[in-house]
Amino acid sequence: MAWTWFHRLASPPHVYRLAERLTPWFAWSSALLILAGLYGGLVLAPPDYQQGEGFRIIYVHAPSAWMSLMVYTVMAVAAAVGLIWRMKVAHAVAASCAPVGASFTLAALVTGSLWGRPMWGTYWEWDPRLTSELILLFLYLGYMGLRSATEDVQRADRASAVLAVVGVVNVPIIHYSVLWWNSLHQAPSVMKLDKPSMPLDMLVPLLLMLLGFTLYFVAILLMRLRGEVLSRERNASWVKEALSR
Amino acid sequence: MMEFLEMGGYARYVWPSYALTFAVVILNVVWARRALARSREQARRRLAMQEEPT
Amino acid sequence: MSTSTVMQPAASSTSALTAARLVLERDLRLAFRKREQLVQPLAFFAIVTTLFPLSITPELSRLREIAPGVLWVAALLSSLLALEFLFRDDAQDGTLEQYALSGQSLTWLLFAKTAAHWLLTGLPLSLAAPFAAGALGAPASAWTGIVASVVLGTLALSLLGAIGAGLTLGVKRGGVLLSLLVLPLAMPILIFGSQATELAMKGASIAAPMYLLAALTVLGVTLAPIAAAAAVRISLE
Amino acid sequence: MSTSTVMQPAASSTSALTAARLVLERDLRLAFRKREQLVQPLAFFAIVTTLFPLSITPELSRLREIAPGVLWVAALLSSLLALEFLFRDDAQDGTLEQYALSGQSLTWLLFAKTAAHWLLTGLPLSLAAPFAAGALGAPASAWTGIVASVVLGTLALSLLGAIGAGLTLGVKRGGVLLSLLVLPLAMPILIFGSQATELAMKGASIAAPMYLLAALTVLGVTLAPIAAAAAVRISLE
Amino acid sequence: MSDVCLQAENLHLWRGDRHVLRGVGLTARAGEVLQVVGANGAGKTTLLRTLCGMIQPEEGRITWAGRDVREDLHAFHAQLAYLGHEAPLKAELTARENLRYWIGMRRRVSPAEIDRALEQTGAGAVRERLVRTMSAGQKRRVALAGLLLLSVPLWLLDEPTTNLDTEGQALVGRMIEEQVRAGGIVVAAVHHALMVAPERLKRLELSSP
Amino acid sequence: MSDVCLQAENLHLWRGDRHVLRGVGLTARAGEVLQVVGANGAGKTTLLRTLCGMIQPEEGRITWAGRDVREDLHAFHAQLAYLGHEAPLKAELTARENLRYWIGMRRRVSPAEIDRALEQTGAGAVRERLVRTMSAGQKRRVALAGLLLLSVPLWLLDEPTTNLDTEGQALVGRMIEEQVRAGGIVVAAVHHALMVAPERLKRLELSSP
Ligand code: HEM
Ligand SMILES: Nc1ncnc2c1ncn2[C@@H]1O[C@H](COP(=O)(O)OP(=O)(O)OP(=O)(O)O)[C@@H](O)[C@H]1O
Ligand SMILES: Nc1ncnc2c1ncn2[C@@H]1O[C@H](COP(=O)(O)OP(=O)(O)OP(=O)(O)O)[C@@H](O)[C@H]1O
Ligand SMILES: [Mg+2]
Ligand SMILES: [Mg+2]
């Protein structure tokens, strides 16, 4: 009984219909949250006493960085599930994640370096956090490269799943190694807001943005998932029904 | 309003950041829709092929 | 025609260890037949190390500062170049297919292949590293430290690379994709390796980075052949 | 069956220029079909550039000193990796044999292939180089100088590499041997290129090394395709 | 021995958009030769690769001696030999060395045995030559010697007579007869009729998708 | 037209220690099919590659229309088509694109012509498919379409029926007949007899070295 939800999640027609039904809910609620967060962040929040108005980049930078990490985690977990239980739907989830994650990683890198210029006086610094974010981008690119280089969907699924799982084993290793690497060479990292905690009127919009982006990710994921499921499914009857709508 | 747009002198950094991030947000929607449409089209063709008498 | 032994193949069947030994022996023999294969990674390593003095500065005092980094980047790139062929030749002529159909554990066979690969590239590289380091200004006292760290580092790299080589088997021009897959994962090896070399050159203890390198290697030995076998199976399909 | 035009093939035969254009178009189309081929040399270049800060030092002030060297070594290695495939794929599937038997000048056809290769690797690399240089601390004022020098350098390298690629065609695992052949010959490119970059970063005139690079390129354009054609013919035998 | 039997039921497989195997089923018992015939592109190669477990069918199952082969793929592989379009030989090794490593990985084999097999398939003269220097047909003959040496009950052969001269085609026929006489099973994709006594032959016709 | 004629005199060639071509001579006139036969390893492939100028014989000479081919190799190559053991197709291009680039390099060719040739060799159905996804026989058929399109007088074919089904073998026979009827010359290395009317056939038997 407890496992029925799992089996239903493994059933492509069910997932397809569920995704179709849920997408608008996530899409609209995320749009609302993001708009509210924007208003709060750009208009209501007071300027930072050190960084002035420049700190407002946080409302796009932090959500982008958050997405880059969360999406990779989702992707790796889905890939592992797909490998272990040979679940097509899980592979479809993993395949849907990569482009979204890669694009937000790029956004985090660019917004971060745009922020870095006024704060640190340089666009780029080989700081541990920055460096590991860059490596994360390479991991995404490798994943997508492998996927697109393999023609057959089933084979691409499993090959890239192996890579995603190996990659996730490596993410903490990369993170800590980069930390240790730098600690031997260089003074502690520059990147922190010089205050113990943010005032509420700065924090609330940030939380709204984070939640909004998360829901937005789910909406995009569901949309891509439908396409990926369709391309893996040969069972004509439900596909025909799904397409007629 | 001008003051708001100037962002206390940080406009060169703030607005491109927002523009890029929302470009990514919107592009992801576009890409996802396009991918879905493509898959539907392919599935339709596949169905047509299977229904052909062999 | 031979009197058929069709029905009792299990009687004299080979053990997993013998099969792995045969694979190792075969790869070594192939390499020694074409001796240039042995020399090439070394030569590449030597050339890359000479590129730097040419393109940066010939002053020994300044070279010494960048020596560990240059050494490790060169080692990384030369093993990477060789990695591409770890499984490729065997995939092309159908040998890998026969391995997968041999009834032997593919994990073991690929482990043997990886071991052969390390013996043919990692080991010579480790032995050549101190000379390159010397040319870049490292003191003779650093030699053992350099050799030890390069041994561990190339071991870890070969194991890690086996996964990448397996994954890119089905891909045309897999070489560049392989680098793209392996290099980000190899960054820790690079960091700890060059740290160890730097410490060795300063005469300090290299224990800390060596432990970390050893940990990576052990992790690689236990996990990489399994992942590589999975990857190869997928690309053969 | 078609009414045969067996006896008048010369009537509608293709001119050397059209044949070369078709070869170029074909190679570009193949590359765009597999778009990752376009991205990969770039990604490799980016990764190699990040290896150095990781293994040497993250301090921009010190990175800036070695930036020209790092940039050029990375550019050299990434074009070298791609060079291996300049003729290899076509040799394997028999296309090159058909080129040699086409009754067209092999020199022209190989020149077209080399041009396609540069468009697909050298050009993107030239456009990416200033970003890598920026990450290593080069000022924005150096960008045009860097782009110009990398354009010339990769051109010369592709032409030079074509000879090496032709010579190593018959060789299994030609990649490493190719590097061995090409790298020593590429040293002048590396030296002038990194000189130009260094001067550009200092804001000085880069005319002198650029003239030399241009001279190398012109020499390459006139001689390399002929040598490459000879080399390819030999390895086809 | 009657239970040594390869069965496949209702195999379905897609490649790209193409439904290549559409409900293929087959039974091959000890002592039988199953000829898989069909026009170019009918799916013969695909079927053989699916039978030996290299491709996973999307539907259907394959049994060996009554058990699903996926239960113990290793044991199944130890019972079969697959020979594809290309001979699985290393260009830089001699014929002898090739067989030593290929066969040695699966069972103990003596140099004398190897030489005998090479002699039988007409490759005795080239046994010390590097495979790289052999003609297409000579390579095939070395691969056939490997097939003999494996001495397993199940042979899956994809156009085994390719590149062979007339004498070589007769040789393949004799090898197959010998194999089924000893109680083995041969599944072969063919365009030219095999030179085998007709009573042992079964045909499986694949139609083009 | 009687002077369109391929002649070779006293060809000698060594490969390694092996005297592969030992004084081979041949004449093939317009309208003739020359079958090169011989056991595996007799030197058929080597002979064909020598004839088209890819290998230099160590002795002897080859003439085309009375002139030594080495005088103007380009002009000779413009008159011949060589099809080896492997079809010279790019795996990542479709059948149509492959022919467009392969043939287009030698003569102007329209898409309609290409489609017609593909239809004639039974590869019309796969013309938009990437060659990588084709079966062995489908690839051969695309290569045969290329042969038709080249429309040159001299064909050098190495086992042209490899991988083809029965219908495909008949197709090759028809193509060769058509070619010689139009005054062309065909030199083919074969193991299976070609399906061609016997009066046009000449045989050249190579003995094993
Ligand atoms: C290219 C440059 C940069 C990159 C790649 C980068 C990357 C990241 C990453 C990976 C996170 C982690 C998010 C999480 O843990 O959830 C993050 C968060 C954050 N970054 Fe950046 N960053 C960059 C520049 C900057 C700059 C210049 C500042 C401010 C001076 C900054 C301030 C922050 C803040 C406030 C957060 C969110 C709070 C936190 O999680 O600590 N970042 N960034
Ligand atoms: N990746 C793919 N995408 C699309 N179609 C494919 C793919 N791989 C194989 N096919 C098709 O599957 C069919 C079966 O191919 P297969 O190689 O099994 O044929 P075959 O019977 O062995 O033919 P031949 O006699 O020519 O060797 C062919 O029509 C082929 O074009
Ligand atoms: N590099 C080499 N060294 C030694 N012998 C060689 C070399 N290359 C070819 N040979 C030998 O030359 C002979 C002729 O080979 P070729 O490929 O021409 O034979 P073939 O008649 O085409 O045979 P098949 O029918 O098997 O295709 C063979 O005996 C072969 O072993
Ligand atoms: Mg086949
Ligand atoms: Mg031959």
Side-chain angles (χ1 to χ4, degrees), chain E residues 14-18 20 36-49 84-87 95 121-126 128-130 132-142 144 158-159 161-172 189-193 205-209, chain F residues 14-18 20 36-49 84-87 95 121-126 128-130 132-142 144 158-159 161-172 189-193 205-209:
Chain E
W14 280 259
R15 286 277 125 181
D17 282 356
R18 204 152 290 267
V20 180
V36 183
V37 296
N40 287 139
K44 301 179 292 299
T45 301
T46 313
L47 176 62
L48 289 185
R49 292 177 72 87
H85 277 289
E86 297 283 321
T121 57
V126 296
E128 290 288 16
R129 290 252 304 275
L130 296 185
R132 177 165 48 78
T133 69
M134 293 184 191
S135 80
Q138 286 165 338
K139 277 182 213 161
R140 268 271 136 188
R141 284 162 185 269
V142 176
L144 289 177
D158 201 351
E159 299 190 42
T161 58
T162 311
N163 294 327
L164 289 177
D165 55 21
T166 341
E167 191 267 311
Q169 288 158 31
L171 166 77
V172 171
V190 289
H191 290 307
H192 299 277
E205 175 117 21
L206 295 180
S207 62
S208 293
Chain F
W14 279 260
R15 289 274 122 183
D17 286 354
R18 203 153 288 265
V20 180
V36 183
V37 297
N40 289 138
K44 302 179 292 301
T45 301
T46 312
L47 175 62
L48 288 185
R49 293 176 72 87
H85 278 289
E86 297 282 321
T121 57
V126 295
E128 291 288 16
R129 293 251 303 275
L130 296 185
R132 179 164 48 75
T133 70
M134 293 184 191
S135 80
Q138 287 166 339
K139 276 181 215 161
R140 268 270 136 190
R141 284 162 184 270
V142 177
L144 289 177
D158 200 352
E159 297 190 44
T161 58
T162 310
N163 295 326
L164 290 177
D165 55 22
T166 341
E167 192 266 311
Q169 288 158 31
L171 167 76
V172 171
V190 289
H191 290 308
H192 298 275
E205 176 117 21
L206 297 181
S207 61
S208 294

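In the text below, chain A, chain B and the rest are named by the order of the sequence lines, each starting its count at 1. Bear in mind that the values here come from a model prediction, so they are computed numbers and not experimental data.
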Under a 4.5 Å heavy-atom cut-off, does chain E meet the side chain of [X], its backbone, both or neither?
| X | result |
| --- | --- |
| F:Glu167 | neither |
| F:Arg141 | side chain |
| F:Thr162 | side chain |

Sidechain-backbone polar pair: E:Asn40 side chain, F:Asn163 backbone, donor-acceptor under 3.5 Å: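 It does hold such a pair.
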Side chain to side chain donor-acceptor pair (under 3.5 Å) involving E:Glu86 - partner list, sequence neighbours excluded: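 None.
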Listed partners of E:Ala170 passing side chain to side chain contact (heavy atoms under 4.5 Å, CB included), at least two apart: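 Checked E:Ala170 against side chain to side chain contact (heavy atoms under 4.5 Å, CB included); matches are E:Arg174, E:Met195.
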Contact leader toward chain F among E:Arg15, E:Gln169, E:Met134, where contacts are heavy-atom pairs under 4.5 Å: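 Among the listed options, the one with the most contacts to chain F is E:Gln169.
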Nearest atoms (heavy-atom pairs only) where E:Gln138 meets F:Gly41: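 Between these two residues, the closest heavy atoms are NE2-CA, 3.6 Å.
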Residue among F:Asp165, F:Thr166, F:Thr161, F:Leu164 satisfying side chain to side chain contact (heavy atoms under 4.5 Å, CB included) with E:His191: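 Of the listed options, the one satisfying the test is F:Asp165.
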Gap between atom NE2 of E:His85 and atom OG of F:Ser135 - 0.5 Å precision: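 The distance works out to 7.0 Å.
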